[in-house]
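Here the structure comes first, spelled out in structure tokens, and everything after it is commentary.
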Number of protein chains: 2
Amino acid sequence: MDAADFAVVRRNMLFRDLDEALARDIVGDRSPRAYAKGQVLFLQGDRVDGLHLVVSGWVKLYRATEDGVDTVVAIHGPGQSFGEAAALLGAPAHAGAEAATEARVLTIDAERVRARLTADPDIAFRMLASASMHLRVMVEELERLKSLPATRRIAGFLVELAGDARGAVELEFPYEKTLIAGRLGMTPESFSRGLAKLREHGVGVERERVSIDRIETLRAVARGDLA
Amino acid sequence: MDAADFAVVRRNMLFRDLDEALARDIVGDRSPRAYAKGQVLFLQGDRVDGLHLVVSGWVKLYRATEDGVDTVVAIHGPGQSFGEAAALLGAPAHAGAEAATEARVLTIDAERVRARLTADPDIAFRMLASASMHLRVMVEELERLKSLPATRRIAGFLVELAGDARGAVELEFPYEKTLIAGRLGMTPESFSRGLAKLREHGVGVERERVSIDRIETLRAVARGDLA
DNA sequence: GTCCCGCCTTGATCGAAGTCCAGCCGGGAT
DNA sequence: ATCCCGGCTGGACTTCGATCAAGGCGGGAC
């Protein structure tokens, strides 16, 4: 694994403030594996063999409901990990994972982590922190979905993408709009209409390119201060 | 703390398969504290002093959105714990906690758990399991909210309350309908109408008493097999 | 090049749930 | 007992988003 990849790994909660040597030791000689778009990492109910950490690209987690429709539960990008708890506990995955774009994902051997864990309980704290963060994100998502109108949810998504940028922002959608719509809990049609409505707040969309005149305006929309 | 209370504690994920002596040791000499309905355990953003475990009654976790409305994130009953990760990490709570009914809650000192954790890494696994379960519940809730019609969500709630009972079931709502409605992500009015619609599937409601002719029928409704 | 297929957009319609409102009922206080 | 008050129910109306349906556009296969 090269230095650039390792830098991404270190952005993850689990490894962020971990001792460099220990971090390398845990990763071992594993290298990220490349997945084609649409390729399945594991299915819902599968026993997960290790912790997954996205190095590049995006991976979607989804659950199949009885009637065949699947709902997107989360989408993870570079530096984000998933399936930690399931892997460590040897429990079946409660969601399936599939590459949403071309992606490279590092799989870290659960057994190896477990071994290091008994040696250094601090690792356990990090894993808890990681799980806790997932929980927080989930809760926020839930809160958003509970009542916010589509336009606000979309504005929120764009704001998240923009990070802490100021003023005019140019960015591009990381994956298909259909998928974004699913993640935001709406149909592609509603997503499209919502984006159209955001035009009056200085948002321009052309294919996957998005230009935002003033990100602050959008933040206001996301907060609900602006219609 | 008496034996009955301790039995409830042991139903919790964290303590379920833990060695009896160790479990008692972790709890220490703490006793459950009684809270009146509406009393606040901690506020969103507070530093949490310990793990909370509900012994009796119900505690709601809620988040205040900017516009003053709060959304109910989760409601925990006997044997369920919350705030584990926050307490252990010393992070601020991402939700506030308030007694939804009269409730008794055991607060377990985080420092004490942390100390035991270095001694027995197995505890870390249990905490992860606990966090992971919370996550799963959250994910399922999210999935439900994403698309299911009100009636199905209500049916699902009743089924959950009924546990694995069969045939005719009598039960009562654990807390106000308004609160249940909030948890299910709908208004009290919608909840009321939804319950009314369930009458045609053999559900009778009188104040907080609910009588279900055949729980299996309700399971079918929750699954979507029945309109 | 042309054709086709997915993805996206837009329009029209419909239904489910939210809002606003009025009335009911039961419990607690006086 | 009577009066409130809070929680619940149900009606009327409205609004948001899903569904159905019809194109547009671009990219890949040939």
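Naming convention: chains lettered A, B, ... in sequence-line order (proteins, then strands); numbering from 1 in each chain.
Here the range on DNA chain C touched by chain A, meaning any atom under 4.0 Å from one of its heavy atoms, is C:dC8 to C:dA12.
Atom pair A:Glu208:CD and D:dG27:C1' shows a separation of 12 Å (rounding to whole Å applied). Between B:Leu198 atom CG and D:dT9 atom P there is a gap of 12 Å when expressed in whole angstrom units. For B:Phe191 and D:dG7, the CZ to C1' distance is 13 Å, given to the nearest whole Å. Note: CG (A:Leu184) to C1' (D:dG17) measures 14 Å, nearest angstrom. In this structure, NZ of B:Lys197 is placed 15 Å from P of D:dT9, rounded to the nearest angstrom. Between A:Leu148 atom CG and D:dT15 atom C1' the separation is 16 Å, expressed in whole Å. If you take OH of B:Tyr175 and P of D:dG7, they are 16 Å apart, rounded to a whole angstrom. Summarising the geometry, the separation between CD1 on B:Ile180 and P on D:dC8 is reported as 8 Å, rounded to the nearest angstrom.
Taking the six-membered ring for Trp and the full ring otherwise, A:Phe82 and A:His134 have centroids separated by 6.0 Å or more.
Taking the C1' atoms of five terminal pairs at each end of the helix from C:dG1-D:dC30 to C:dT30-D:dA1, the two resulting helix axes are inclined by 40°, rounded to 10°.
The backbone N or O of A:Leu106 sits nowhere less than 3.5 Å from a side-chain atom of A:Arg33 that would complete a donor-acceptor pair.
The closest side-chain donor-acceptor pair between A:Ser81 and A:Glu84 falls under 3.5 angstrom.
A search for salt bridge (charged side-chain N to carboxylate O under 4.0 Å, His left out) contacts involving A:Glu206 returns nothing, not counting sequence neighbours.
Residue-to-nucleotide proximity on DNA chain D shows that, of A:Arg207 and A:Arg153, the 5′-proximal contact is made by A:Arg153.
Using a 4.0 Å heavy-atom criterion, one finds that B:Pro188 contacts no nucleic acid atom at all. Using a 4.0 Å heavy-atom criterion, one finds that B:Gly185 contacts the sugar-phosphate atoms exclusively.
No hydrogens or angles were tested; on distance alone, a donor-acceptor pair under 3.5 Å links the side chain of A:Arg193 to the base of D:dT19.
The neighbour count for A:Glu216 CD, taken as heavy atoms of other residues, nucleotides or ligands under 6.0 Å away, is above 12.
You'll find the side chain of A:Ile75 reaches within 4.5 Å of the side chain of A:Leu179, heavy atoms only.
Candidate nucleotides D:dA21, D:dC8, D:dG17 were compared by shortest atom distance to the side chain of A:Ser190, and D:dG17 ranks first.
The salt bridge (Lys or Arg N to Asp or Glu O under 4.0 Å) pairs that include a residue from residues 3-12 of chain A are A:Asp5-A:Arg104, A:Arg10-A:Glu20, where partners are two or more places apart or lie in different chains. The salt bridge (Lys or Arg N to Asp or Glu O under 4.0 Å) analysis of residues 38-59 of chain A, with sequence neighbours excluded, yields no pairs.
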Determine all donor-acceptor pairs shorter than 3.5 Å in which one atom belongs to a side chain in residues 154-173 of chain B; sequence neighbours excluded.
from     : atom 1 : to       : atom 2 : distance (Å)
B:Glu160 : OE2    : B:Arg183 : NH2    : 3.4
B:Glu170 : OE1    : B:Arg209 : NH2    : 3.4
B:Glu172 : OE1    : B:Arg209 : NH1    : 2.7

